[in-house]
2 protein chains.
Amino acid sequence: MKRDMNCPPFQKTEEKIKEAAKKVFLEKGFDGATSRDIAEAAGINIALTNYYFRSKEKLFMNIFEDMIQLFFEGSVQILNKPISLRDKIVELIEHDFELMKKNPNLVIFIMNEVHRNPERLVKAIGYIKQLHHTLFKVQVQEAIDKGEIRPVNSLNLMTMIVASVQFLFVSKPMHMQIWQMSEAEFDQFTINQKRLIIDMVTSYLFETEKA
Amino acid sequence: MKRDMNCPPFQKTEEKIKEAAKKVFLEKGFDGATSRDIAEAAGINIALTNYYFRSKEKLFMNIFEDMIQLFFEGSVQILNKPISLRDKIVELIEHDFELMKKNPNLVIFIMNEVHRNPERLVKAIGYIKQLHHTLFKVQVQEAIDKGEIRPVNSLNLMTMIVASVQFLFVSKPMHMQIWQMSEAEFDQFTINQKRLIIDMVTSYLFETEKA
DNA sequence: AATCATTTTAAATATTTGTTTAAAAAAACT
DNA sequence: AGTTTTTTTAAACAAATATTTAAAATGATT
């Protein structure tokens, strides 16, 4: 039978499963999520997950690859954008904050699954390759040569920025417990944190009067 | 029968189980680890894990609390040490790097388990309480009042430091994949990263000639 | 309407899971 | 020595797991 492409009000079963699987996998991880969890979240029969995707592993990899793309694509785009280094750094930080805000457990999910099974990344090597040669790297080197910023390895700098932003959300549950924060208070905290990160990184780089 | 406290060459079964459970839980997490995994790693019968600890959950909590202590105790001690703010920041960073080097998956383990089940932290609330009033916090405020450092919220500062260091190890497997690093190359990278973190944080704080 | 392929369902499959049992082995004590 | 307690073992347990099966329901095409 031909594929039926017109049923806008309804959601195709395959999409229902993917949406539910994304939700459940991101919450509980591969090991913690069961096929029944996913079927229940999607409101469908258990057998359907294996009818559309052949196995739990295949369904997981489908979601995982989506998440890897979501994780990388925005940053890669900004890294290659033709804007000043200063603007680029600010935009990188703000983009990451927005991404994390919309997907609070994206990073812990990815980090955990890669930690458990690094080979899974091999399939997503495409997005990864894009990171090796970016305009950002060139801009950092040029700025250093011109004496506009302190001498710094661009990979170290990039890592520092990403760590500052993303760890905030990796540690969100622990942070809220330790400091007895509500969701709203944590939100406010992230805003302050973003300000500090931007201020610290740009000040460090561009205030070159000393040393 | 009385407890036998003298058998130095041999390892008591209870300790063998704890050691194996620590290894397996840190590698696979609570959901990914099975009782049989642990028994096999300890070289003992499956029933013994439930003989000494009453359940998988109880055994896990035993390990988890140990890890929480390991995670916090060193830092809390340094935060209250009677040394200068500058020395304290450097020591904090270096201590964390050492801790992470010795226990590469300590942080991802804790963050993941807390994310899955935040109530688990309640049992470890003792260590957490210690963080609310530290000498570090006082020192930061004093230094700001004296104009020695830039005005900064001590919690934001602390978070920034911890994030920079710990995320490096949370993302270690992904980092090695992306940048095609060997274990040795990653080690060297962490050394450079430590240098940048210390330089960035201290420069930002203490170079107050501007603004 | 009849036929066909597609989708969905309930039930069953074989494994694996955490945990328990009851007996054996080892150790401690009298 | 014999007796009791502690430790270890092999086997079994029920529940949960991912996956499959075969039949029912649905939808499209003729």
Side-chain angles (χ1 to χ4, degrees), chain A residues 1-64 112-113 116-117 119-120, chain B residues 1-64 112-113 116-117 119-120:
Chain A
M1 193 189 59
K2 265 193 311 183
R3 260 214 168 256
D4 185 5
M5 283 315 202
N6 51 350
C7 44
F10 305 117
Q11 202 179 10
K12 304 237 57 175
T13 306
E14 197 173 321
E15 277 309 310
K16 275 203 296 185
I17 297 174
K18 276 198 70 169
E19 200 173 291
K22 178 188 165 185
K23 185 177 177 311
V24 175
F25 278 139
L26 281 180
E27 257 173 25
K28 307 190 175 188
F30 180 81
D31 291 325
T34 72
S35 302
R36 281 165 181 80
D37 283 339
I38 295 169
E40 191 180 7
I44 51 127
N45 189 282
I46 321 163
L48 279 183
T49 63
N50 276 12
Y51 175 76
Y52 283 98
F53 308 84
R54 298 158 43 89
S55 67
K56 182 189 176 187
E57 177 76 27
K58 293 251 172 55
L59 174 55
F60 174 82
M61 281 309 293
N62 194 312
I63 306 291
F64 181 73
N112 197 50
E113 297 302 340
R116 297 270 192 275
N117 213 335
E119 312 88 78
R120 279 170 174 159
Chain B
M1 191 189 62
K2 265 193 308 184
R3 255 205 170 267
D4 185 6
M5 282 315 205
N6 51 352
C7 46
F10 303 118
Q11 202 178 10
K12 300 235 59 173
T13 307
E14 197 172 322
E15 277 310 310
K16 273 203 298 187
I17 296 174
K18 277 199 71 169
E19 198 172 294
K22 178 186 166 185
K23 184 176 178 310
V24 175
F25 277 138
L26 282 179
E27 257 173 26
K28 308 192 175 187
F30 180 80
D31 291 326
T34 72
S35 303
R36 283 166 179 79
D37 282 341
I38 296 169
E40 192 179 8
I44 49 124
N45 189 280
I46 320 164
L48 280 184
T49 63
N50 277 10
Y51 176 76
Y52 282 98
F53 308 84
R54 298 159 42 91
S55 67
K56 182 191 176 187
E57 177 76 27
K58 293 254 174 47
L59 173 57
F60 174 81
M61 281 308 295
N62 194 310
I63 305 292
F64 182 72
N112 196 51
E113 298 301 341
R116 299 269 192 273
N117 212 335
E119 313 89 79
R120 278 169 175 162

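Chain naming here is simple, since letters A, B, ... match the order of the sequence lines and numbering starts at 1 in each.
Counting any heavy atom pair closer than 4.0 Å across all strands shown, B:Thr49 reaches no nucleic acid atom. Residue-level contact check: B:Ala33 touches the backbone only, with heavy atoms under 4.0 Å from sugar-phosphate atoms and none from bases.
Side-chain N or O atoms of B:Lys56 include one that pairs as donor or acceptor with a backbone N or O of B:Ala33 at under 3.5 Å. Without hydrogens or angle criteria, A:Arg116 side chain to B:Glu27 main chain gives a donor-acceptor distance under 3.5 Å. Between the side chain of A:Glu14 and the backbone N or O of A:Tyr52, no donor-acceptor pair lies under 3.5 Å.
Looking at every heavy atom in both residues, A:Leu48 comes nearest to A:Ile44 through CB-CD1, 3.7 Å. Between B:Gly32 and A:Asp31, the shortest heavy-atom contact is CA-OD2, 3.4 Å.
Between B:Thr13 and D:dT8 there is a side-chain N or O to OP1 or OP2 distance below 4.0 Å. Within the 4.0 Å cut-off from OP1 or OP2 of D:dT8, not a single side-chain nitrogen or oxygen of B:Asn45 is found. Remark: B:Ser35 is in phosphate contact with C:dG18, judged by side-chain N or O atoms under 4.0 Å from OP1 or OP2.
What separates CZ of A:Arg54 from P of D:dT20 is a distance of 8 Å, to the nearest Å. What separates CZ of A:Phe53 from P of C:dT8 is a distance of 12 Å, to the nearest Å. In this structure, CG of B:Leu48 is placed 13 Å from C1' of C:dT20, rounded to the nearest angstrom. A straight line from CZ of A:Phe60 to P of D:dT17 spans 18 Å, rounded to a whole angstrom. C:dA25 atom P lies 19 Å from atom CD1 of B:Ile44, rounded to whole Å. The distance between atom NZ of A:Lys12 and atom C1' of C:dT7, rounded to the nearest whole Å, is 10 Å. For A:Glu57 and D:dT17, the CD to C1' distance is 15 Å, given to the nearest whole Å. For A:Asn50 and D:dT20, the CG to C1' distance is 8 Å, given to the nearest whole Å.
Checked against D:dT19, C:dT9, D:dT8, the side chain of A:Ala47 finds its nearest nucleotide in C:dT9. Taking every side-chain heavy atom of A:Tyr52 into account, C:dT7 is the closest of D:dA12, D:dT20, C:dT7. Side chain of B:Lys56, nearest nucleotide from C:dT8, C:dT19, D:dA10: C:dT19. Each of D:dT7, C:dG18, D:dT17 was ranked by its minimum atom distance to the side chain of A:Thr34; first place goes to D:dT17.
Each of A:Ile46 and A:Tyr51 was matched to the nucleotide of DNA chain C holding its nearest heavy atom; the match closer to the 5' end belongs to A:Tyr51.
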